[in-house]
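These notes are about the structure you will find just below.
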Amino acid sequence: MRHRKYPFIFGFLVVPVVLYIALVIWPYLQTFGYSLTDWSGASPEMNFVGLDNYVKLFGDSVFLDALQHNLLLLIVLPLVTILLALFFAFMLNVGGKGGTGGVQGVRGSAFYKVVFFFPQVLSVAILSVLFQGVYRTDQGGLLNGVLVELGIEDPNQPWQWLSDPNLGLWCVMGVLIWSGVGFYLVLFSAAMQSIPKDIYEAALLDGAKRGTTFFRITLPLLWETIQTAWVYLAIAAMDAFALVSTMTPGAYYGGGPDHHSEIMATLLMRNFVTFGKAGYACAMGVVIFFITLVLSVVSLRVTRREKIEF
Amino acid sequence: MGSATEYNRRDLFKRAAAITVLAAGGTSLLAACAGGTGSSDSKSSAPAAGGDSKNPFGVKAGDPLDVVIFKGGYGDDYAKSFEDMYKKTYTGAAISHLGTQEISGKLQPRFNAGNPPDVIDDSGAQQMKIDVLVGANQLTDLTVLLDAPYLDDPTKKIRDVLLPGTIEQGTVSGKMYSLNYVYTVFGLWYSAKLFKDKGWTVPKTWDEFITLCGTIKAAGIAPFAHQGKYPYYANVAIFDLIAKQGGLDLVKKIDACDPTAFDDPAVLTSVTAFYKIMEGDFLLPGTNGMTHTESQTAWCQGKAAFIPSGSWLENEMLAATPADFDMAFLPMPSLPGDKLPAAAVRAGAGEPFIVPAKAKNKNGGLEFLRMMLTKEGSGKFAAAANSLTVLKDGIGADVVLKPGTKSSATAVSAAGTNTFNYTYPDLQSAFNEEVQNATNELMNKRIDPKAWVARVKAATSKKV
């Protein structure tokens with residue numbers, strides 16, 4: 001029967017592979033093609049312009065700013081999200097009272113898990129509306145309202161949050177982290193629960209403190225999950241389009257004030273849709289694609305460790 | 001995590017790309033089609049074809065008509081009544097109607113595939129930019145419409161019954177590509193009731209305005225609100241001052257993105273005068289970061305005295321406006337040495353309707369526009385959308401106007417021929433974006449008037 005194996009496997013694979021090529025690979029190749037043209041995005045006509053778009057791109061100070069903002073997101077977003085998620089997951093799973101051997105979570109951990117996961121259920125559109133209410137710039141905003149009540153800020157000079165050039169991007173980052181922590185908490189919890197309890201018990205018998213158990217046992221055994229989380233968060237950081245475009249000020253697709261929260265995706269959409277520079281926008285798309293690809297490969301390689309089995 | 005956002009953007013992009021694949025694949029075929037219809041169009045579009053005033057474009061009664069309407073502040077019910085008018089004449093025509101806010105999302109793929117609708121109300125935040133469409137040869141030159149007979153009185157041509165400025169507003173490099181159907185008036189708005197209660201006089205000059213702002217502030221109300229998240233509205237105030245100070249030639253130079261326009265002392269004078277609002281701390285606290293809905297609602301609640309906007313404001317805020325608010329319009333107060341009189345207002349045509357060059361029933365689209373420009377069509381629009389149209393004397397005595405619309409109509413007749421309008425927000429998208437950013441910095445006092453002028457001057461080099 002052995003000679004029948006390959007046609008059998010091929011029969012199953014051919015449809016998905018064709019679909020993948022047609023729906024994923026081919027559009028990407030098309031985008032590469034368009035990035036070499038002056039396509040307007042509003043007409044089937046276009047001319048070949050070579051690498052002009054790429055040359056322009058790296059002389060465009062707004063694009064370079066946007067790139068920097070994405071890189072800032074790339075550092076802060078995964079770091080803070082993973083640290084918070086790890087801390088909470090540890091507390092919920094093995095952070096309980098000492099008397100129990102330290103292998104159970106704090107009281108009510110099942111309830112907290114649901115509460116923390118809840119933001120993940122909300123759609124991005126709801127998040128955006130919700131937090132625009134929180135960050136509203138007059139006293140009607142939740143934050144400003146509370147701060148004015150507490151006497152911390154002057155009602156006649158309320159803080160600008162999203163409209164403040166120094167705060168805008170951080171405000172969006174806050175929302176991204178707020179909405180992301182719950183998911184990674186649940187992910188890390190699941191991984192932690194698969195660690196056998198006797199390892200912890202043995203460590204406790206040897207007199208290990210909570211910190212030591214975390215760094216010597218939990219973290220190494222969780223490494224692969226963290227690695228996955230890192231790649232996902234890095235991809236999210238390269239995007240962040242929906243929140244930035246809807247929450248921040250700016251004429252088309254946000255990014256304001258004055259490009260201070262500009263990211264590559266908002267600039268791409270503005271060029272693609274508003275300014276009719278679709279070829280140029282495709283060049284940005286290609287750059288984003290390559291950065292994301294390189295990042296994923298690098299973070300998977302660099303953080304590769306020997307697999308620990310239990 | 002952000003996978004949902006990632007999905008949305010990528011999905012959108014992929015879809016666009018996928019559609020362009022189809023478009024690219026069929027290019028030769030489409031080009032052939034386009035060539036075919038193009039030649040027949042040029043024949044039928046010559047209005048001299050027998051001088052048939054009933055059907056100057058040679059519409060075939062059985063051809064379906066594809067209409068896409070921006071469903072914004074004016075809704076889209078008015079368009080349905082136009083479609084009924086169209087059906088009365090061309091009984092066999094099947095009309096497909098789409099009312100949507102996602103203009104570019106719905107239409108960009110269709111333009112790229114060479115399969116656009118026959119007539120589009122191309123407006124709203126997701127408008128497909130007219131300059132971009134013209135640059136891509138996607139729009140029909142509407143000169144044939146202007147030269148077609150006016151339905152209510154076939155001895156006149158359409159171009160004779162349009163309000164002044166309508167043709168210019170849709171004109172790109174000498175040809176009219178969009179019919180801007182709604183007559184919009186721009187300026188400052190206030191509550192006549194509030195002013196009466198407080199005993200405030202409406203200011204005529206900018207000095208009076210600034211003095212009054214002090215009085216208003218002392219009374220515990222913020223003198224000035226604006227739609228901070230969208231600096232477009234603050235630009236209405238700034239560029240109105242500039243137009244009145246510098247005159248119509250300056251307006252033309254600014255629209256043409258001529259950098260020397262910003263060397264005219266009228267620009268710096270106007271911006272410096274406007275900056276007194278910030279220097280006097282007359283802004284509604286928080287207004288610099290508020291959306292148009294948030295700030296306009298605060299204004300309707302009496303938290304601020306003045307707000308800049310166009311005449312769609314009244315219809316847009318119907319639900320939030322108190323019954324006795326008595327909305328009123330004020331032309332931008334005048335500066336010493338203004339070239340235009342105090343009564344001059346920014347007024348003109350808005351809400352662009354277009355007929356794509358590759359539309360299947362282009363003639364039907366043109367005819368649809370011609371039907372909109374009748375007393376019947378204009379009256380139906382005014383009744384449904386609380387706004388005026390660009391048809392001269394387009395509204396009969398039977399249409400009752402709301403106080404704000406009435407007030408702006410009075411201002412327009414007081415202005416007479418002294419109206420002006422800017423085309424740059426529609427036709428110079430990249431410049432417009434940069435001006436908005438500069439104005440946002442000015443409103444936040446992060447730059448001063450001199451720096452604003454320098455920045456805007458530099459932005460004239462930005463073209464799409």
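Chain A is the first sequence line, chain B the second, and so forth, proteins listed ahead of strands; every chain is numbered from 1.
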Would you name the heavy atoms of [X] and [Y] that are closest together and state the gap between them?
X: B/Gly286; Y: A/Gln160; answer: CA-NE2, 4.5 Å
X: A/Val273; Y: B/Ser104; answer: CG1-OG, 3.5 Å
X: B/Gln108; Y: A/Phe272; answer: NE2-O, 3.5 Å
X: A/Pro44; Y: B/Phe111; answer: CD-O, 3.8 Å
X: B/Lys229; Y: A/Thr248; answer: CE-O, 3.4 Å

For [X], is it the side chain, the backbone, both or neither that has a heavy atom under 4.5 Å from a heavy atom of chain B?
X: A/Pro155; answer: backbone
X: A/Thr266; answer: neither
X: A/Pro257; answer: both

message: Counting only heavy atoms from other residues, nucleotides and ligands, does the tally under 6.0 Å from CZ of A/Phe32 exceed 12?
response: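 Yes, enclosed.
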- prompt: Just wondering, more than 12 heavy atoms not from B/Glu279 lying within 6.0 Å of its CD?
  reply: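 Result for CD/B/Glu279: enclosed.
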Pick from [options] with the largest number of heavy-atom pairs that fall under 4.5 Å of chain B:
options: A/Gly33, A/Ser163, A/Gly141; value: A/Ser163
options: A/Asn271, A/Asn144, A/Asp164, A/Asn156; value: A/Asn156
options: A/Ala22, A/Pro119, A/Ala237, A/Ala251; value: A/Ala251
options: A/Leu162, A/Asp154, A/Ile177, A/Asp138; value: A/Asp138

field: Under 3.5 Å donor-acceptor, B/Asn112 side chain and A/Ser43 backbone
entry: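 Looks like yes, one N/O pair under 3.5 Å.
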Greatest number of heavy atom pairs closer than 4.5 Å to chain A - which of [options]:
options: B/Ala136, B/Gly105, B/Pro116; value: B/Ala136
options: B/Gln436, B/Glu441, B/Glu433; value: B/Glu433
options: B/Glu294, B/Gln127, B/Gln126, B/Met128; value: B/Glu294

query: What residues form a side chain to side chain donor-acceptor pair (under 3.5 Å) with B/Arg455, not counting sequence neighbours?
result: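 Expected list: A/Asp258, B/Glu434.
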task: Taking side chain to side chain donor-acceptor pair (under 3.5 Å) as the test, write out the residues that go with B/Gln301, two or more places apart.
output: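 For B/Gln301 the side chain to side chain donor-acceptor pair (under 3.5 Å) partners, ignoring immediate neighbours, are B/Lys303.
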task: Answer yes or no: is there a side-chain heavy-atom contact under 4.5 Å between A/Phe275 and B/Lys462?
output: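 A side-chain contact is absent here, since even the closest heavy-atom pair is not under 4.5 Å.
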query: Do B/Arg446 and A/Pro165 come within less than 4.5 Å of each other through their side chains, counting heavy atoms only?
result: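 They are in side-chain contact.
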- prompt: What do the steps show when you test A/Tyr252 against B/Lys129 for side-chain contact (heavy atoms from CB on, under 4.5 Å), and what is the final call?
  reply: CA-CA 12 Å; A/Tyr252 312 102; B/Lys129 289 295 183 174; 3.1 Å; yes
- prompt: If you measure from CD on A/Gln157 to CG on B/Asp281, what distance do you get to the nearest 0.5 Å?
  reply: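 With rounding to 0.5 Å, CD (A/Gln157) is 5.5 Å from CG (B/Asp281).
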- prompt: Which value, rounded to the nearest 0.5 Å, describes the distance between A/Thr137 atom OG1 and B/Asn288 atom CG?
  reply: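 The OG1 atom of A/Thr137 sits 7.5 Å away from the CG atom of B/Asn288.
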